[in-house]
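For reference, the structure is listed below as structure tokens.
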Amino acid sequence: KLKTVDLLINGAGILDDNQIERTIAVNFTGTVNTTTAIMDFWDKRKGGPGGVIANICSVTGFNSIYQVPVYSASKAAALSFTTSLAKLAHITGVTAYSINPGITKTVLVHKFNSWLSVEPRVAELLLEHPTQTTLQCAQNFVKAIDAYQ
């Protein structure tokens with residue numbers, strides 16, 4: 001029914017450092033593939049209208065959680081990819097933003113596996129830090145979008 005898409009939100013993610021390939025595939029490769037697919041429609045060099053991409057990255061892209069280095073690296077890769085996309089906006093007509101939430105109370109953080117089981121209590125320890133609810137995260141996400149319109 002819709003003739004155009006104005007905003008792509010890439011938000012898939014998993015947190016399980018025992019599943020190395022899957023973590024990278026979902027958190028990074030999935031972001032790249034979805035972005036690549038939408039570029040066929042949006043790239044102004046191909047006559048597209050441009051658009052806005054908001055990739056859900058993580059604060060771990062800036063400050064890794066050492067017990068989950070695969071997750072942290074996959075989010076750092078997504079952040080670096082998004083930063084590169086943003087610098088290409090003048091060529092492609094596609095604006096890119098990263099959304100980098102802190103610890104958000106989702107099923108991801110209740111129980112997960114650390115890399116090589118270096119810290120069996122990593123989920124418990126992580127939740128000792130300040131967290132936000134999914135509603136708070138979503139509300140802040142909307143505020144960020146509104147601020148750039």
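Computed from a predicted model, the values in this text were never measured in an experiment.
Under the 4.5 Å side-chain heavy-atom criterion for ILVMFWY residues, a single connected hydrophobic cluster contains both Y97 and I9. Under a hydrophobic clustering in which Ile, Leu, Val, Met, Phe, Trp and Tyr are joined whenever their side-chain heavy atoms come within less than 4.5 Å, directly or via other members, I56 and L7 fall into the same cluster.
Remark: V118 engages Q67, S114, W115, L116 in a side-chain contact (heavy atoms from CB on, under 4.5 Å) (not counting sequence neighbours). With sequence neighbours left out, the side-chain hydrogen bond (donor to acceptor under 3.5 Å, both in side chains) criterion links S98 to N100. Applying the salt bridge (charged side-chain N to carboxylate O under 4.0 Å, His left out) rule to D6 yields no partners; only residues at least two apart in sequence or on another chain are considered.
In this structure a side-chain-to-backbone donor-acceptor pair under 3.5 Å is missing from T29 to N27. Between the side chain of W42 and the backbone N or O of V52 there is no donor-acceptor pair closer than 3.5 Å. No donor-acceptor pair under 3.5 Å is formed between the side chain of T34 and the backbone N or O of T31. In terms of modelled atom types and a separation under 3.5 Å, the side chain of D17 and the main chain of V70 share a donor-acceptor contact. Side-chain atoms of Q136 come within 3.5 Å of backbone atoms of T133 as a donor-acceptor pair (strictly under, hydrogens ignored). A donor-acceptor pair under 3.5 Å is absent between the side-chain atoms of S80 and the main chain of A76, judged by distance alone. Without hydrogens or angle criteria, S58 side chain to T60 main chain gives a donor-acceptor distance under 3.5 Å.
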For a side chain to side chain contact (heavy atoms under 4.5 Å, CB included) check, start with the C-alpha distance between T92 and M39, then their side-chain angles and the critical distance, and finish with the verdict. CA-CA 8 Å; T92 64; M39 291 300 282; 3.6 Å; yes
Could you walk me through whether R22 and D16 pass the side chain to side chain contact (heavy atoms under 4.5 Å, CB included) test, one step at a time? CA-CA 9 Å; R22 185 168 178 247; D16 187 343; 5.9 Å; no
Begin from the C-alpha positions of I53 and N55 and carry the test side chain to side chain contact (heavy atoms under 4.5 Å, CB included) through to its verdict. CA-CA 6 Å; I53 296 173; N55 288 331; 3.3 Å; yes
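A 4.5 Å side-chain heavy-atom check between T131 and T104 finds every atom pair outside the cut-off.
With values rounded to the nearest 0.5 angstrom, L135 atom CG is found 9.5 Å from N140 atom CG. How far CG of L15 is from NZ of K75: 9.5 Å, rounded to the nearest 0.5 Å.
Considering every non-hydrogen atom in both P130 and I103, the closest pair reads O-CB, 4.0 Å. The nearest pair of heavy atoms linking F41 to A37 is CD1-O, 3.6 Å. Here the closest non-hydrogen pair linking T23 and S74 is CG2-OG, 3.9 Å. In terms of heavy-atom proximity, A89 sits nearest to T95 at CB-CA, 4.3 Å. Heavy-atom minimum distance, Q132 versus P101: NE2-CB, 3.5 Å. Taking every heavy atom of both residues into account, I99 and A54 meet most closely at CG1-CB, 4.4 Å.
Hydrophobic cluster membership of F62, counting Ile, Leu, Val, Met, Phe, Trp and Tyr whose side-chain heavy atoms lie under 4.5 Å apart directly or via other members: L79. Cluster partners of V59, using a side-chain heavy-atom cutoff of under 4.5 Å among ILVMFWY residues and allowing indirect links: none.
Counting only residues at least two apart or in different chains, salt bridge (Lys or Arg N to Asp or Glu O under 4.0 Å) contacts with residues 39-51 comprise D40-K46, D43-R45.
The local environment of CG in N63 is sparse, with at most 12 non-hydrogen atoms from other residues, nucleotides or ligands closer than 6.0 Å. Atom CZ of F141 is surrounded by more than 12 heavy atoms from other residues, nucleotides or ligands within 6.0 Å.
Side-chain polar atoms of N10 and T35 form a donor-acceptor pair below 3.5 angstrom.
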